[in-house]
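Contents: one structure, followed by commentary.
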Amino acid sequence: MRRPLERRIKLLALAAFVTAALGLASGTGAWALNELRSFDYLSTIGRMPLPPNGPVIVAIDEPSMAEIGRQWPWPRSLHATLVEALRKAGAKAIGIDVIFAEPSSDEANDHRLATAMGPDVVLAGDQSLLESPQADQFIRTEPLAVFTGKGARTGIASVDLGGDGTLREIPSYHDGFAAVLAEVAGTRLTPPPQSALIQTFGPARTYPTVSYYQALAPESFLPEGTFRDRVVVVGLSLQNAPSINDGGADAFASSDTVHSNRLVSGVEMQATIYDNLANDLFIDRAPRSAVIAAIAAAAVLAALSVLRMTGWRTLAYTVAALTSIVVLSYALMRFGQVFLSPIGPGLAFAFVAAGQTGLDYAEERRRRREITRAFSQYLSPALVERLARDPSHLKLGGERRMLSILFCDIRGFTTIAEQMKDDPEGLTTLVNRLLTPLSEAVLKQGGTIDKYIGDCLMAFWNAPLDDPDHAAHAVQAALDMLAALDEVNEELKAEAKKEQSPLQTLRIGIGINTGECIVGNMGSVRRFDYSALGDAVNLASRLETTSKDYGISLLLGESTAALVENIFPIAELDRISVKGRTAVSPVFTVAVGAHKDALIRHRAFLEAKYDGKLKARDVIFDKLKSALPPLARYYERERSKLNMSRSKKT
């Protein structure tokens, strides 16, 4: 109960932290710029078609300059002729995106243009901010009064560029060029919200465009009705739109520039703004409160997706969530005309998911360290590493498994302890000196050290990890332990000789049995050990105790012997009833170095023993002692038993 609650609290804290961090970041200029760039991509996916009966552009372009034969600026009388031609062709409103703020060198040309002015004409003005250390000044530039006095309207053609120089926002002027042009055309406008975004309809030259010289004589160059009941916008427009790197006169980067890498002429941008205003197509920006709410919602959704665990599914969830966020942002923009950038919610989901994944990874590393610490004293390093990589191999609480159990005890330890009663530190050192190589022998064969009971060691195989050859590994570990004992005794002998101290010879007894056991965490709720319980464990302990009666260092149970008889030279010793058990149990040992014929003679010896046909004076005892030296003490024990039996009868 505590762990799920802990995880929920941590996830809630992580989601709150991510929401707060991204909420603060969303107020920065760099964040706003990235949101606008995401708008560029989304607004140009499945773009809207041009509204019907939108503006027609009359382009002051290179063909017109070549046809007219004059460089810019052209005489104002030529503009007067254009206005009259457009009016005659049925244009309902004419916007000239050229600023006539100063008199020309020819007063007659100015008078000619003034004569052509009327309430259906909008002339461009300009408004700019001049910043200086002393003061900030707004400078407004308007057409000459002689033109506006004849009824022409003024529209501010200045635009607001983003931090990256891209034109995305509807101009904030109440008398902007496109707004005044729409008013002149008889369109009632809904005032756009502050910083509304422009919905573009395509790259440069998307709008129907005719050259200036063609508009001077439309009846000669253009289809009939080209300008009838249409809004006409006149301005500079290069026929081949300049690239963003080259720049250009009265040309701007738009949302479409991310795809085309081409600038759009100012006159075409004014036409685009006109359609946005006249048809209510502009895109409103979601308020910052809505952005933060979306970030918080995405963070909570991410927390729910990783509430139980993280893994490969987390990546799939994250990809699906990011895709959904982008789709929802697009749908809201396209059908609701509100732009809420997917960047904030997307980052919130990704950060929470990645953050929890990182925390889970750290937790997993911590658990691996705990497992390593918990088992490094009892398992071989290879097994500890396998458990750390996959803790599912360790089933807590107990499970039924077939184990091979080993008990090892130091013979005569009580006597040794009595001899060293005045040197407890030396006794501890001696015990540890022996138990260290014995433990290493167990770990080398992949065994699990269950516990140390004073001078006794208990170990088992086939848990917590599977070991198909557990019996063979247990027996090999016992043989390695006996070899290690010989090495320790040799060292003790050399030290005693060098220091001229009493010789301390150590002996051990080992019992191994195989059987079904319960293995797992045993103990109380507050303290427990990984251990094994069962009859097979008890028998292994009894075999270790019984081994000293036979003068043999290693005794095997029947199940263990059956599993390893094809690997080691196995010799049966007796059939006994061990303490605490009613059943008769055959006991075995490993006859190291025994030949096959010697084992055959040993089996014959056992048959005679079980049939009661052995005699103390039989020569077979001496022959077997020579053939099987490891069992010499066992044969002497059997002969002594026969002698004792004969004496009692006598």
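Everything quoted here is computed from the prediction, not taken from an experiment. One-based numbering along the sequence shown.
Residues C517 and L403 approach most closely at CB-CD1, 3.9 Å, considering heavy atoms. In terms of heavy-atom proximity, S341 sits nearest to S38 at OG-OG, 3.0 Å. Scanning all heavy atoms of the two residues, the minimum distance from Q504 to L492 falls at O-CD1, 3.3 Å. Across all their heavy atoms, V352 and A303 have their closest contact at CG1-N, 3.8 Å.
Legend: residues meeting salt bridge (Lys or Arg N to Asp or Glu O under 4.0 Å) with D574, ordered by chain and number and at least two apart, are K609. The side-chain contact (heavy atoms from CB on, under 4.5 Å) test applied to R411 returns D409, R507, E544, S547, K548, not counting sequence neighbours. Residues forming a side-chain contact (heavy atoms from CB on, under 4.5 Å) with L307 (at least two apart in sequence, or on another chain): R8, L11. Considering only residues two or more places apart in sequence or on other chains, E491 meets the salt bridge (Lys or Arg N to Asp or Glu O under 4.0 Å) condition with R433.
Under the 3.5 Å distance criterion, the side-chain polar atoms of D450 are matched with a main-chain donor or acceptor of A532. A donor-acceptor pair under 3.5 Å is absent between the side-chain atoms of T357 and the main chain of T310, judged by distance alone.
Pairs engaging residues 615-624 under the salt bridge (charged side-chain N to carboxylate O under 4.0 Å, His left out) rule: D622-R639 [sequence neighbours left out]. For residues 28-37, every residue pair satisfying the salt bridge (charged side-chain N to carboxylate O under 4.0 Å, His left out) rule, not counting sequence neighbours, is listed here: R37-D164.
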TODO: Take S559 and T514, measure what side-chain hydrogen bond (donor to acceptor under 3.5 Å, both in side chains) needs, and give me the verdict at the end.
DONE: CA-CA 5 Å; S559 299; T514 300; over 6 Å; no

Task: Residues Q356, Y361; criterion side-chain hydrogen bond (donor to acceptor under 3.5 Å, both in side chains); working and verdict - done: CA-CA 8 Å; Q356 187 57 46; Y361 177 76; over 6 Å; no

TODO: Walk me through it: do S553 and I510 pass the test side-chain contact (heavy atoms from CB on, under 4.5 Å)?
DONE: CA-CA 6 Å; S553 297; I510 302 173; 5.9 Å; no

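Judged by a 6.0 Å distance limit and a 45° cone about the ring axis, R637 is positioned over the six-membered ring of Y550.
Proximity of Q445 to D469: side-chain heavy atoms (C-beta onward) are nowhere separated by under 4.5 Å.
The aromatic rings of F621 and F605 stand perpendicular to each other, their planes meeting at an angle above 60°, with 30° marking the opposite boundary.
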